[in-house]
Amino acid sequence: MNDSVTNTKPSSLPEGNSVDVIKDSISHHLKYSQAKSPRTATLMDHYNSIAFAVRDRLVEKWIDTQNRYFTKDPKRIYYLSMEYLVGRALSNYLVNLDFKKEVCRAIEKLGLDLENIEQSDIEAGLGNGGLGRLAACFMDSMATLGIPAAGYGMRYEYGIFYQKIIDGFQVETADNWLRKGYPWELPRPDYLYPIRFYGRVQHTSDKEGYGICHWVDSHDDVMAMAYDVPIPGYHNQTVNNLRLWSARSTREFDLDSFNEGDYVQAVSRKHESETLSKVLYPNDSNMQGKELRLKQEYFFVSASLQDILRRYKRNHSTFESFPKKVAIQLNDTHPALAIPELMRLLMDREHRPWEEAWEIAVKTFAYTNHTVLPEALEKWSVDLMQRVLPRHLEIIYQINQNFLNRVQVQHPGNNAMLEKVSIVEEQPVKSIRMSNLAIIGSHTVNGVAALHSDILKNRVFPEFNKLFPNRFTNITNGITQRLWLKSCNPALSDLLNDTIGDGWVTDLNQMQKLKKFADDEEFQKRWRDVKMSNKKRLAGYIREDRALRMEINPHHLFDVQVKRIHEYKRQLLCLLHAIVLYNRFKENPNCDHVPRTVMFAGKAAPGYDVAKLIIKLITSVADKVNHDVQTADKLRVVFIPNYSVNKAEGIIPGADLSEQISTAGMEASGTGNMKLALNGALTIGTLDGANIEIKNEVGDDNIFIFGLTSGQVDEVKTRGYNPREYYEKNHELRRALDMVRDGYFSPDHPHLFQPIIDSLLVKDRFMVLADFASYIEKQKEVEALFLSPKEWTRKSILNAASMGPFSSDRAIRQYCQKIWDVHPLPK
Ligand SMILES: *Cc1c(COP(=O)(O)O)cnc(C)c1O
């Protein structure tokens with residue numbers, strides 16, 4: 001054999017990561033992947049060429065990682081989530097790969113503008129908010145820690161809608177993110193699984209008399225096709241896989257159906273079945289009960305489980321060691337149908353008996369609960385489930401029967417308990433409670449912050465906690481510092497690297513080393529300079545934003561509430577404070593309030609009318625306040641449209657004050673709170689979710705806590721909450737609400753905001769008025785502190801320095817130890 005031939009690589013393969021090699025690789029792709037010359041290339045052609053050149057450099061590690069997993073056969077974790085909010089692709093890859101500088105230099109050397117390229121970067125918005133972003137942070141941490149993991153998700157053709165503000169109202173437009181192709185995904189047309197719907201179940205028995213089930217007469221079947229997205233760890237050898245499912249017509253693979261005669265109709269029907277993965281449901285903390293959504297959920301879990309079983313069977317001939325090789329995490333109940341689906345596959349396809357299948361299921365699954373709001377807990381009507389998934393309903397009934405039998409033995413005669421823990425709810429509509437299914441079918445259930453896990457155990461599922469005393473646990477959420485500090489805040493990252501080294505990028509506890517600089521005046525000044533540069537950058541975005549075109553003053557206190565718009569998150573509380581400040585400035589132009597810019601951003605679910613009206617109220621108040629010459633230099637209100645990961649990356653580093661003001665007991669964890677504190681914002685917040693743990697880390701003196709505790713919220717509720725009392729008692733509150741009610745902010749439509757007034761004054765589960773006075777008082781303390789820059793800066797430093805525990809690396813380590821029993825498999 002001729003060595004010189006075997007060692008010669010074709011010119012298209014990457015041979016290194018030097019600037020010139022990367023530059024050649026980009027040029028190569030422009031020519032051979034895009035079929036363009038530099039003369040005819042569009043910005044998108046250049047973007048794609050860069051993407052392919054970067055992707056090439058991932059491929060070897062990607063294949064190598066997957067081969068390692070195959071040959072070493074470690075236990076793997078499969079993370080099942082209907083949502084991944086990954087954010088911009090190129091910028092993300094460049095953080096984790098250790099040749100970012102080279103790529104940027106290569107781009108410059110090609111005469112391209114890096115900023116233009118970054119603007120063409122594609123944001124995959126395959127999620128609503130915190131839950132989807134958590135899944136993305138977890139994928140990053142698992143790869144960085146070298147955990148044998150794979151994510152499964154949905155390749156929605158339309159991700160979370162694009163929010164425009166027209167006349168102050170939210171208008172949703174489609175997010176056609178795949179329009180120009182997505183160079184980071186690899187279609188896998190060979191990984192294709194049939195997914196069935198409808199039909200009925202036929203029971204027969206085999207020669208030995210064992211019962212056999214056949215799901216027959218299914219129709220509207222579809223195929224699930226895999227698309228793979230690489231997930232590289234930070235500066236390491238691991239590249240994990242995120243596999244997203246897309247619906248394909250079975251007709252494409254089934255020639256018979258084209259022989260029906262009506263060829264054209266057959267082809268057009270093909271398109272109908274592909275609507276299954278068309279669109280992400282844009283509801284956050286709310287469930288709608290639509291048939292298409294149920295089908296999406298089943299499609300997702302069936303494809304994922306068929307794939308997991310296929311992979312397991314390559315290495316194993318029995319299912320004995322399945323739970324020793326496979327851990328499956330259910331991100332909320334959205335994928336909880338995986339439990340009956342695994343049962344079905346093991347029994348009906350693999351012919352395993354019920355008992356064995358059930359033991360395997362419980363040892364394999366674990367479930368993360370994300371909310372206690374009743375409207376967010378998934379329930380499917382039995383009628384719908386019977387029609388769409390007849391076999392699964394049968395299995396769920398059997399799971400329930402077996403479980404209730406056991407409960408009756410342990411707690412004879414306790415019908416109240418039976419009613420609570422049953423998977424089947426009888427009233428008002430006979431339904432399947434997905435949370436009960438998920439709890440019964442999992443070995444571990446976790447909440448996402450200490451308070452939330454406590455509420456799960458003691459208030460929402462106390463009966464389950466009694467029946468399964470060791471099943472419930474807590475793992476507080478976290479965020480990846482690679483995105484939420486290193487990438488989004490380069491100025492602060494540089495300062496940190498200069499001061500404490502760069503160990504914090506993979507070990508956030510090293511931020512502690514900052515504590516000894518908290519009082520160092522020299523360091524404080526540099527810290528303030530960084531914040532000011534980020535505030536100027538944010539002011540620049542607001543100036544350039546076509547919808548805003550507003551000049552804001554970076555010397556203002558930047559007061560930031562960015563998150564989904566929801567009554568429980570209480571954007572109204574923050575807005576009422578802005579109205580109070582406005583009135584004070586109007587009444588007494590010489591009053592000594594700190595000049596402030598209050599910034600909101602967030603999407604409202606398209607069917608959530610009150611939330612959409614809250615946006616209109618924010619923009620209306622903004623209109624009034626910002627155009628009032630008496631107040632415009634002291635108070636601004638800004639609504640930044642289309643909140644997304646990319647917007648968050650721009651806003652968060654520039655924030656002074658982080659608003660985390662949900663009704664205590666209602667925000668399961670929050671992660672926005674962590675991102676903001678990590679970037680040096682001080683928190684004003686209630687004792688809710690992870691705010692409590694943030695307070696414990698930063699210390700009571702370094703955070704602004706106000707309002708009722710979750711215990712007090714419950715007490716007031718039991719006693720009877722009377723919002724009118726607060727309204728009558730507090731004249732500033734009354735004045736602000738009367739202005740909203742009487743059309744001060746909507747002179748052309750004086751009754752526009754009546755539904756908001758009603759939501760606050762008639763019943764209000766979220767008790768906005770109950771916390772108003774204490775919030776307003778706390779905001780005074782905020783101002784007083786802001787007037788002492790040294791004190792403010794000291795606390796800002798101490799906040800960032802205390803965020804170690806809120807890294808998603810810590811969260812993932814805990815999942816590995818407490819739930820998955822999965823270990824790193826470094827190269
Ligand atoms: C972090 C994040 C959220 C979650 O914010 P919370 O304040 O925890 O509700 C929502 N959307 C985006 C784009 C995020 O980055």
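From a predicted model like this one, the values you see are computed outputs, not experimental measurements. Both ligands and their constituent atoms are indexed starting at 1 by order of listing.
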Could you tell me which atoms of ligand 1, counted from 1 in the order shown, lie closer than 4.0 angstrom to a heavy atom of [X]?
| X | answer |
| --- | --- |
| T671 | 1 (C), 4 (C), 8 (O) |
| K569 | 9 (O) |
| G670 | 8 (O) |
| K675 | 1 (C), 2 (C), 3 (C), 14 (C), 15 (O) |
| G129 | 10 (C), 11 (N) |
| Y643 | 11 (N), 12 (C), 13 (C) |

(request) Just need the protein heavy atom nearest to atom 7 (O) of ligand 1, so name the residue and atom and give the distance. (result)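 So the nearest neighbour among protein heavy atoms is K563 NZ, 2.7 Å.
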(message) Just checking Y162: does its OH atom have more than 12 heavy atoms from other residues, nucleotides or ligands closer to it than 6.0 angstrom?
(response)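 It does not: Y162 OH has 12 such atoms or fewer within range.
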Would you say ligand 1 has an N or O under 3.5 Å from any N or O of [X]?
| X | result |
| --- | --- |
| R564 | no |
| G672 | yes |
| W484 | no |
| N673 | no |
| E667 | no |

(request) With heavy atoms only and a cut-off of under 4.0 Å, state how K647 meets ligand 1: side chain, backbone, both or neither. (result)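 Neither; nothing of K647 gets under 4.0 Å from ligand 1.
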(message) Tell me the contacting part of S669 for ligand 1: side chain, backbone, both, or neither, using a 4.0 Å heavy-atom threshold, strictly below.
(response)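 None of S669 does.
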Salt-bridged, [X] to [Y], with N to O below 4.0 Å?
| X | Y | answer |
| --- | --- | --- |
| R596 | E783 | yes |
| R482 | D809 | yes |
| E123 | K647 | no |

Closest approach of [X] and [Y], non-hydrogen atoms and distance?
| X | Y | value |
| --- | --- | --- |
| P282 | P606 | CG-CD, 3.5 Å |
| A539 | I552 | CB-CG1, 3.7 Å |
| K603 | I160 | NZ-CG2, 3.7 Å |

(request) Kindly indicate whether a cation-pi arrangement holds for K616 with F169, taking the cut-offs as under 6.0 Å to the six-membered ring centre and within 45° of the axis. (result)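 Yes, a cation-pi geometry holds between K616 and F169.
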(request) Could you tell me whether R243 sits above the aromatic face of Y152, with NZ or CZ closer than 6.0 angstrom to the six-membered ring centre and within 45 degrees of the axis? (result)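 No, cation not above the ring by the 6.0 Å, 45° rule.
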